Amino acid sequence: MAETVTALRAVAHNVRAARVRAGLSLDELSRRAQVSKGALVGLEKAQGNPNLATLVRLADTLGISVSALMQGSPEGRVRVVAADTVAPLWTGERGGEARLMLTTSGSAPVEVWRWRLEPGEEYPSHPHQAGVVETVSVTSGRMSLVVDGSEHTVEAGQTATFDGDTPHAYRGAGTETCHLIMTVHLPPGPAATT
């Protein structure tokens, strides 16, 4: 429970800081991200329980990574993250889950996700901002990757990549659980001005 409160406080602080940096009012961020103003007010007060879709829409609108919304201060030069210390950001109806393990720093960050999809379980994703590239590497099982209406089978030992600025979905295929590692390569952020 304490971890959830700490994470929610980090999200509240990071959303507000990113919104202020971007010069956006609550009304404007609400409109652009398609998130209700009430939900944003609650989020900035560290109240509520934002789902993955909400966090992705806010991150895309603010031009930052999902984990930049969730992470506290950097801990040093090397970070080691155990999967069981990271709460799932998505939980499927059949027990699947997605955990955002970490995000690299720099002008073009990369998110590293660990996913588990049960057979027939699907996660549909809205298009991301232009320049986002996703890569999925299936470590066991099989998945169907649907990108802009076209379905592709990705089996254990295979990797697929695609532009994330189009509708896409991940679905567990076959008869066994699909485990995969996903990276989301974000476009470079705006250049810093001095």
Side-chain angles (χ1 to χ4, degrees), residues 14 18 32-34 50-71 74 78-83 86-191:
N14 294 336
R32 289 184 187 185
Q34 299 176 357
N51 63 29
L52 177 57
T54 298
L55 292 173
V56 169
R57 283 195 304 272
L58 287 170
D60 282 350
T61 301
L62 293 167
I64 60 177
S65 67
V66 172
S67 61
L69 289 179
M70 301 182 60
Q71 292 177 350
V78 176
R79 274 188 24 217
V80 177
V81 180
V86 178
L89 288 179
W90 171 78
T91 303
E93 70 279 356
R94 297 182 183 175
E97 62 183 26
R99 295 174 190 257
L100 177 57
M101 300 305 296
L102 61 86
T103 300
T104 62
S105 58
S107 63
V110 176
E111 297 176 348
V112 179
W113 292 79
R114 186 180 294 253
W115 282 75
R116 183 179 76 229
L117 294 166
E118 296 301 327
E121 192 167 50
E122 181 173 320
Y123 177 79
S125 179
H126 73 284
H128 303 297
Q129 63 182 312
V132 170
V133 175
E134 293 194 21
T135 302
V136 293
S137 295
V138 175
T139 58
S140 67
R142 181 176 0 148
M143 73 175 290
S144 291
L145 173 64
V146 181
V147 179
D148 204 19
S150 180
E151 189 166 329
H152 308 271
T153 299
V154 186
E155 310 225 7
Q158 294 182 326
T159 300
T161 189
F162 61 96
D163 293 333
D165 61 354
T166 187
H168 52 282
Y170 326 105
R171 183 180 323 118
T175 58
E176 60 184 89
T177 301
C178 176
H179 293 270
L180 63 108
I181 302 296
M182 174 194 298
T183 57
V184 179
H185 304 259
L186 302 165

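Because the structure is predicted, anything quoted here is derived from the model rather than measured.
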CD (Gln34) with more than 12 external heavy atoms under 6.0 Å: no
More than 12 heavy atoms from other groups under 6.0 Å of CZ on Arg57: yes
May I ask you to decide if [Y]'s main-chain N or O and [X]'s side chain share a donor-acceptor pair within less than 3.5 Å?
X      : Y     : answer
Arg99  : Val86 : yes
Glu121 : Arg94 : yes
Arg32  : Leu62 : no

Any residue meeting side chain to side chain contact (heavy atoms under 4.5 Å, CB included) with Glu151, in chain and number order, not counting sequence neighbours: Ser144, Val146, Arg171
For residues [X] and [Y], report the shortest heavy-atom separation together with the two atoms involved.
X      : Y      : value
Thr166 : Asp163 : CG2-O, 3.6 Å
Pro119 : Gly174 : CB-O, 3.4 Å
Gln158 : Thr153 : OE1-O, 3.9 Å
Trp90  : Gly96  : CZ3-C, 3.9 Å
Pro167 : Pro127 : N-CG, 3.6 Å
Val110 : His185 : CG2-ND1, 3.5 Å

What's the separation between atom [atom1] in [X] and atom [atom2] in [Y], rounded to the nearest 0.5 Å?
X      : Y      : atom1 : atom2 : result
Leu89  : Thr54  : CG    : OG1   : 11.5 Å
Met101 : Trp113 : CE    : CH2   : 11.0 Å
Arg114 : Thr139 : CZ    : OG1   : 8.0 Å

Non-hydrogen side-chain atoms of Glu118 and Thr177 separated by less than 4.5 Å: yes
Within-4.5 Å side-chain heavy-atom neighbours: Asp148 and His168: no
Contacts of type side chain to side chain donor-acceptor pair (under 3.5 Å), residue Ser150, not counting sequence neighbours: His152
Aromatic ring pairing Tyr123/Tyr170, orientation class (parallel under 30°, perpendicular over 60°, tilted between): parallel
